[in-house]
Every structure is written in structure tokens, then in C-alpha cells.
Amino acid sequence: MTLDLIERYYRPIAFILIAIFIAQVAYLISFHSQAYDEPTHTVAGILYWKSGQFSGGMANPPLLQLCFGLPYWLGLADYDLIGDSPPYAGRIVNLLFGLLLCIICFLFSRRLGGKVSATITLALMVSCPTLLAHSSITTTDVGAAVFILLWLFVHDNLKDTYSWGSTALSGVLLGVALTTKFTVLSFAPIAAFLFALSVNRKADLKGQKWLLLLLFFITVWLGFITPYLGRGCLSQKDLPIHPYIKLVSPLLPTQAVVGLTEKLSQRSGGDSLFYFLGHYSPNGFWYYYPLIFLLKARLGTLLILSLVLYSAHKIWPDLDTNTLSIVWLPAGLIFVAFLLNRAQ
């Protein structure tokens, strides 16, 4: 009976849950003091718009910083770097990213499991402490999650119908996702594998498969460099370039080369390629990350997820292995990487 009511009224329930999310994040926006990295993202975004120069914030790609700085460039708000007042306008932009993340999860879950699944997913999202906290401050984590999940959602919708146009769309979306955080580059091989898997399964493509893969990589590159276009350019001459990207550095904007070199050169007890190589923290404990995950995810959420997994074969009897790989592969690989590398 309860499930029937949820399925019947899932739309108004979804609107209520979204309103609850907005109300919670709006309160947190006014409540939180300024986080240490908020000034960096905000000022970098404002500087990008006003001067076109990448003289700050190059440790991150420009897309989200451009979004955070847009309200100030348009004159909708002011930001005093010297004062203690948080960047409220940038926080509102991040609230919108958090809202978009909830909506994408809702639509993705509805496509996979129906209306009841979508409603439960949205209820978990709007009560997640981590999402609420990150959506209320001007940082890049939520925006990165939005574009990663958007690519997964679009890919899942297109995986059986990939053509020239849909391949270009998928590639551009992935390229744009890579301009949110440099650590998102660790997702690129997973996305490329999922795309290649889908294309390889289409027998009707025949000799076009390699051309589609080439188009995919070209559009990923175009999507990645677009936010850098028309902005101040640094010279790569005599620039220290990390060996991992030396071969492809001529194809990348210099600002991206600087940022990637900085990220790839971060080391503590060994190389750290976005947490995947070496020990990111040599003094950490292997069980720190899963323990913190359990504490932050909350026991109730984990119990619900366990029930969902137990009944998945009943809810999604026709769920294919490609969809399963889309849902579990990225999260599983990153979780294992953080576990092995003692990420704190």
C-alpha cells in the first residue's frame, strides 16, 4: 500500500523533498563561516572574468571557478577578500549544482528502477550530510560530481544507440566534466572503457567503430580545452612538466599543464597519481577511509542500501551487465584506490 502511494504521488513527493533540500542548504549557507579554500575559488573566478588571466587557482581547471565568479562579474554581488564575509553568491551557485545533482540522481534512478526507486534515492540524497555540507560552500566537489553523473546518465541513455551525433555529445560532456577538477581525470579511462564497451557491442557499426572512438577522443579534447580558450596564455618554454603528461602537453593549454604538473607532483612517501599510485599519506591507516565512510554515510543509509542490493534482482530483473558497470565500476575503483593509498 505504501509503495503504491509513493508510485502514485512520486512527483509531489519529489517536489517536497527538493524544497527540503533547498531549505537545508540555504540555512547552512547563512550559518557556515568562510571555508579556507572559498576565497581561492571565488577570486580566481572573478579574475578570470575581469582580466582573462589565469594568475590564480591553476591547481584546478577553470570551469567551476568561472561559475562561482560569474555573479560578481555581472555585478549581482560584491566580495571582499580582506573581510570575513563568506562568498554568498558563489555558495548559491553551488546550491544549484547540489540541486542539479539530486535531480540527475532522481532521473537516473527512475530510469533504472522506476518511480519508487527514484523517490527513495532522492530522499537519501536530501538527507545526506556530506552533500548538504558541500552544497553550502564554494568548493568544486559537488560540481565535479554533477558532471560525472551527467555523463554516466547520458551514456546509459545512449549506450544502445551510439551514432556520430550522440558520440560527439558524449565526448564533449566528458571533456567538460574533466574541466571541473583535475582529479576527475582518473575517471576518464573508466568512461573510455564504458564507451568502447558499448560501441563494440553494436554489430551494425562494423568498420565505423574505430572512427567513433576517434571522434569520441577528439570531442573529449575539445570539451576540455574550451573553458581555457580566449584567456591569458602562458609560455610552455622552460616550464617544468611532469613526465606523465610530457608527451601530450603540446595538445593542452599551458594553464592545464601547470595545474596537472602540480597535482601529479604531489607526493608523500611516494608518487601520487590522483590517489592511485603510492601512499598519499604514509602515516595513515588502511582502515581510516572505510571507517570514515561508515561514519559519514550513517548506519541507516547503509542498511537501506543493503536491502536495495539484496532485492536488486527483483526490482531490476532485466538489468544488463553494461548498466551494472556504469553504476558500480567508477565508485568501486575509486573506493579501493582510497583504501589502498590511505587517503585521509
Going only through I, L, V, M, F, W and Y residues with side-chain contacts under 4.5 Å, is there a path from Val43 to Tyr36? no

What one should report as the nearest heavy-atom pair of Ala192 and Phe216 is CA-CE2, 4.1 Å

Specify the closest pair of heavy atoms between Ala123 and Leu17, including all atoms of both residues, with the distance to one decimal. N-CD1, 3.8 Å

By side-chain hydrogen bond (donor to acceptor under 3.5 Å, both in side chains) - contacts of Asn157 (at least two apart): Arg111

Considering residues at least two apart in sequence or located in another chain, which fulfil the ring-ring contact (aromatic ring centres under 6.0 Å, His included) criterion with Phe147? none

Would you check if the side chain of Trp221 reaches a backbone N or O of Leu251 as a donor-acceptor pair within less than 3.5 Å? yes

For the student: nearest non-hydrogen atoms of Leu101 and Met125, plus distance: CG-CE, 3.9 Å

Quick one: list whatever passes ring-ring contact (aromatic ring centres under 6.0 Å, His included) with Tyr88, sequence neighbours left out. none

Can you give me the closest heavy-atom contact between Thr226 and Leu222, atom names plus distance? OG1-O, 2.5 Å

Pairs touching residues 90-105 that satisfy salt bridge (Lys or Arg N to Asp or Glu O under 4.0 Å), sequence neighbours left out: Glu38-Arg91

Qualifying salt bridge (Lys or Arg N to Asp or Glu O under 4.0 Å) pairs with a residue from residues 99-109, counting only residues at least two apart or across chains: none

Going by side chain to side chain contact (heavy atoms under 4.5 Å, CB included), Thr140 matches just one of Asn94, Thr183, Leu64. Which one? Leu64

Check the hydrophobic clustering (I, L, V, M, F, W, Y; side-chain heavy atoms under 4.5 Å; chains of links allowed) and say if Ile104 and Phe15 are grouped together. no

Going by heavy atoms in the side chains, are Ile103 and Leu107 under 4.5 Å from each other? yes

So, taking the atom named CZ in Arg11 and the one named OG1 in Thr119, what distance separates them when rounded to the nearest 0.5 Å? 10.5 Å

Once rounded to the nearest 0.5 Å, what's the spacing between atom NE2 of His32 and atom OG1 of Thr138? 12.0 Å

Quick one: are Trp49 and Leu70 in side-chain contact, heavy atoms under 4.5 Å? yes

Over all heavy atoms of both residues, which pair between Val184 and Ala144 is shortest? Give the atoms and the distance, please. CG2-CB, 3.8 Å

Not counting sequence neighbours, which residues clear side chain to side chain contact (heavy atoms under 4.5 Å, CB included) with Leu132? List them please. Phe21, Gln24, Val25, Leu28

Closest non-hydrogen atom pair, Gln34 against Pro86: OE1-CA, 3.8 Å

Begin from the C-alpha positions of Leu100 and Leu96 and carry the test side chain to side chain contact (heavy atoms under 4.5 Å, CB included) through to its verdict. CA-CA 6 Å; Leu100 185 57; Leu96 297 177; over 6 Å; no

With rounding to the nearest 0.5 angstrom, report the CG to OG1 distance, Asn60 to Thr40. 9.0 Å

Could you tabulate the donor-acceptor pairs under 3.5 Å formed by side-chain atoms of residues 170-180, not counting sequence neighbours?
residue: Ser170; atom: OG; partner: Trp151; partner atom: NE1; Å: 3.0
residue: Ser170; atom: OG; partner: Tyr162; partner atom: OH; Å: 3.1
residue: Thr179; atom: OG1; partner: Val176; partner atom: O; Å: 2.6
residue: Thr180; atom: OG1; partner: Ala177; partner atom: O; Å: 2.6

The complete set of salt bridge (Lys or Arg N to Asp or Glu O under 4.0 Å) pairs with one or both residues in residues 126-144, sequence neighbours excluded, reads Asp141-Lys181

According to the interplanar angle, ranging from 0 to 90°, do the rings of Phe97 and Phe68 count as parallel (below 30°), tilted (30 to 60°) or perpendicular (above 60°)? perpendicular

Hphob cluster co-occupancy, Val93 + Ile137, side-chain heavy atoms under 4.5 angstrom: no

Would you give the length of the straight line joining atom CZ of Arg110 to atom OG of Ser117, rounded to the nearest 0.5 angstrom? 12.0 Å

Pairs meeting criterion salt bridge (Lys or Arg N to Asp or Glu O under 4.0 Å) with involvement of residues 64-76, two or more places apart: none

Thr121 meets the side-chain hydrogen bond (donor to acceptor under 3.5 Å, both in side chains) criterion, sequence neighbours left out, with Ser109

Should Cys102 and Leu131 count as side-chain neighbours, where that means a heavy-atom distance under 4.5 Å? yes

Can you list everything that forms a ring-ring contact (aromatic ring centres under 6.0 Å, His included) with Phe31? Sequence neighbours excluded, please. Tyr27

Any side-chain heavy-atom pair of Ser135 and Leu95 under 4.5 Å: no

Under the rule for side chain to side chain contact (heavy atoms under 4.5 Å, CB included), what residues qualify as partners of Ala89, not counting sequence neighbours? Pro71, Tyr72, Ala77

Kindly compute the distance separating CD1 (Ile148) from CD1 (Ile190), expressed to the nearest 0.5 Å. 9.0 Å

Separation between OG1 (Thr42) and CG (Leu47), nearest 0.5 Å, reads 12.5 Å

